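Numbers here are sequence positions counted from 1. Values in this document were obtained by computation on a predicted structure and should not be read as measured data. Whatever order the structure lists ligands and atoms in, that order sets their numbers, starting from 1.
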Amino acid sequence: MSKNSSRAVGRHFLQIPGPTPLPDRVLRAMDTPIIDHRGPEFAKLARKCLDGLKTIFKTTSPVIIFTATGTGAWEAALVNTLSPGDRVLMVETGQFATLWKIMAEKLGLKPEFIKTDWRIGADPAAIEEHLKADKGKEIKAVCVLHNETSTGCLSPIADIRKAIDAAGHPALFLVDTISSLASTDYRHDEWGVDVTVGGAQKGLMLPPGMSFNALGDKALAAAQSSRLPKSFWAWDDMLNMNKIGFFPYTPATQMLHGLAEGIAMLHEEGLDNVFARHHRLAEATRCAVRAWGLEILCRDPRYYSPTVTAVLLPEGHDADAFRNLALEQLNISYGTSFGRYAGRYFRIGHLGDVNDGMLVGALATTEMALALAGVPHKRGGVQAAVDHLISAHASPTRAAAE
Ligand SMILES: Cc1ncc(COP(=O)(O)O)c(C=O)c1O
């Protein structure tokens with residue numbers, strides 16, 4: 001926005017890692033009269049969503065839909081499977097892992113926190129070692145974030161499953177996919193996850209306010225003996241009502257219309273194409289950051305996130321001041337920084353309904369913002385991103401293998 005104007009022209013660049021920009025198709029699907037949530041039309045819509053979600057989580061087990069943000073689905077995963085005083089293993093990958101751990105403590109669980117420097121994902125070997133040391137097999141659940149949104153680090157869920165098995169440990173496996181689902185490959189059944197936590201406002205391209213628990217047989221069995229108090233979050237009432245296409249309370253009807261559309265859009269594109277697109281945009285973003293001569297917070301390429309890139313600013317440069325300037329002058333929003341790195345980095349979200357041109361626009365705007373804010377950097381980030389995008393389009397298989 002120019003200094004003497006109160007109007008921001010054109011579309012806002014919403015480059016936060018969720019909520020993501022709403023596709024017009026989702027908006028239009030939600031712009032429809034309210035229907036009776038106990039009537040046959042609703043049951044059809046609910047079934048479509050409940051079945052459709054299974055194809056996104058890649059499961060044949062039930063998926064539960066909560067009218068709540070992701071934090072609610074975190075709580076549901078814990079209170080339906082665990083009992084007061086239960087030990088749970090968590091990994092301190094960043095801010096969101098820390099919040100889940102604090103929640104576990106508030107609920108009366110005893111989390112054990114594997115530390116990291118917030119610059120990598122969860123290391124399967126560290127989990128295996130911790131579980132092997134639990135000779136009495138007292139740890140009841142391993143809780144990991146697939147994608148740590150606060151740092152831009154992705155954890156290898158299939159390998160963590162193998163690590164749990166290698167330790168011969170019976171703990172449940174609870175995984176948060178809030179900022180990875182429908183953006184990068186995820187396989188609830190094949191990877192042996194017991195509860196997957198998901199959210200609507202990122203890869204599924206919906207507004208915030210809806211979240212999910214994908215279940216498995218072992219989780220359903222654990223729910224029979226779990227003693228943490230629960231009412232709104234209880235799976236049993238929900239599962240019984242869902243069987244006939246309804247909810248135990250008034251569901252978020254408009255959000256369900258949007259969800260059905262979001263799922264249809266993902267399948268029209270093809271999930272593998274969705275994942276390849278996110279992979280391509282993420283690598284293009286990293287190409288830009290490297291060309292600028294700036295540092296990516298995720299320090300090990302094995303953990304690079306396909307949905308968000310956190311960029312460290314040089315010592316002495318305030319990332320919050322940078323974000324404020326970029327918003328005021330160029331109408332672009334970035335994700336904020338957290339914890340031990342507060343004020344030191346900003347995050348570029350590249351997930352949801354984003355294409356190459358939108359990303360290039362965002363990166364060009366970022367290059368302008370760096371210059372305007374006086375952040376020392378080299379020119380050429382946009383060119384490096386464009387070069388990557390061209391080569392990824394010209395040779396998709398090579399790009400996927402990179
Ligand atoms: C990985 C992850 N987990 C949990 C949450 C919490 O979700 P919500 O803010 O929707 O409650 C977020 C929010 O961004 C997240 O990114």
Query raised in the report: Which class fits the ring pair Trp233 and Phe66: parallel under 30°, tilted 30 to 60°, perpendicular over 60°?
Result: perpendicular
Requested in this report: Identify the residue among Thr151, Asn147, Thr184 that makes a side-chain hydrogen bond (donor to acceptor under 3.5 Å, both in side chains) with Ser305.
Outcome: Asn147
Query raised in the report: More than 12 non-hydrogen atoms from neighbouring residues, nucleotides or ligands closer than 6.0 Å to CD on Glu269, yes or no?
Result: yes
Report task. For atom 14 (O) of ligand 1, find the nearest protein heavy atom and state the residue, atom name and distance (0.1 Å precision). Result -> Lys202 NZ, 2.8 Å
Query raised in the report: Got an N/O contact under 3.5 Å between Thr71 and ligand 1?
Result: yes
**Report entry** Side chain to side chain, Arg187 and Phe57, heavy atoms closer than 4.5 Å
**Finding:** no
Query raised in the report: Which heavy atom of the protein is the closest neighbour of atom 4 (C) of ligand 1, given with residue, atom name and distance?
Result: Trp74 CZ2, 3.2 Å
Report summary line: At under 4.0 Å between heavy atoms, what of Trp100 touches ligand 1? The answer is neither
Query raised in the report: Within a radius of less than 6.0 Å around CG of Asp217, do more than 12 heavy atoms belonging to other residues, nucleotides or ligands occur?
Result: no
Query - Atom NZ of Lys58 with >12 non-hydrogen neighbours under 6.0 angstrom - result: yes
Requested in this report: May I ask you to check whether over 12 heavy atoms, not counting those of Arg379, lie within 6.0 Å of atom CZ?
Outcome: no
Query - Protein heavy-atom partner closest to atom 5 (C) of ligand 1 - residue, atom, separation in Å - result: Phe96 CD2, 3.7 Å
Report summary line: With heavy atoms and a 4.0 Å threshold, my read on which part of Leu99 contacts ligand 1 is neither
Query - Contact atoms of ligand 1, heavy-atom distance to Thr69 under 4.0 Å - result: 8 (P), 10 (O), 11 (O)
Query raised in the report: Could a heavy atom of Gln201 be found less than 4.0 Å from some atom of ligand 1?
Result: yes
**Report entry** N/O separation below 3.5 Å, Ser179 to ligand 1
**Finding:** no
**Report entry** Structural part of Ile178 in contact with ligand 1, heavy atom criterion under 4.0 angstrom
**Finding:** side chain
Report summary line: Counting from 1 in the order shown, the ligand 1 atoms closer than 4.0 Å to a non-hydrogen atom of Asn147 are 1 (C)
Query raised in the report: Hey, is Arg302 close enough to Asp300 for a salt bridge, meaning N to O under 4.0 Å?
Result: yes
Which side-chain N or O atoms in residues 346-359 pair as donor and acceptor under 3.5 Å with protein atoms at least two apart or in another chain?
{"unit_1": "Arg347", "atom_1": "NE", "unit_2": "Thr336", "atom_2": "O", "d": "2.7"}
{"unit_1": "Arg347", "atom_1": "NH1", "unit_2": "Thr149", "atom_2": "O", "d": "2.7"}
{"unit_1": "Arg347", "atom_1": "NH2", "unit_2": "Thr336", "atom_2": "O", "d": "3.2"}
{"unit_1": "His350", "atom_1": "ND1", "unit_2": "Pro306", "atom_2": "O", "d": "3.3"}
{"unit_1": "His350", "atom_1": "ND1", "unit_2": "Thr307", "atom_2": "O", "d": "3.4"}
{"unit_1": "His350", "atom_1": "NE2", "unit_2": "Thr309", "atom_2": "N", "d": "3.3"}
{"unit_1": "His350", "atom_1": "NE2", "unit_2": "Thr309", "atom_2": "OG1", "d": "2.7"}
{"unit_1": "Asn355", "atom_1": "OD1", "unit_2": "Gly357", "atom_2": "N", "d": "3.2"}
{"unit_1": "Asn355", "atom_1": "OD1", "unit_2": "Met358", "atom_2": "N", "d": "2.9"}
{"unit_1": "Asp356", "atom_1": "OD1", "unit_2": "Arg280", "atom_2": "NH2", "d": "2.8"}
{"unit_1": "Asp356", "atom_1": "OD2", "unit_2": "Arg280", "atom_2": "NE", "d": "3.1"}
{"unit_1": "Asp356", "atom_1": "OD2", "unit_2": "His393", "atom_2": "NE2", "d": "2.8"}

**Report entry** Protein residue, atom and distance nearest to atom 3 (N) of ligand 1, heavy-atom basis
**Finding:** Asp176 OD2, 2.7 Å
Query raised in the report: Is there a nitrogen or oxygen of Gly70 sitting under 3.5 Å from a nitrogen or oxygen of ligand 1?
Result: yes
Requested in this report: Just need the protein heavy atom nearest to atom 15 (C) of ligand 1, so name the residue and atom and give the distance.
Outcome: Thr149 OG1, 3.5 Å
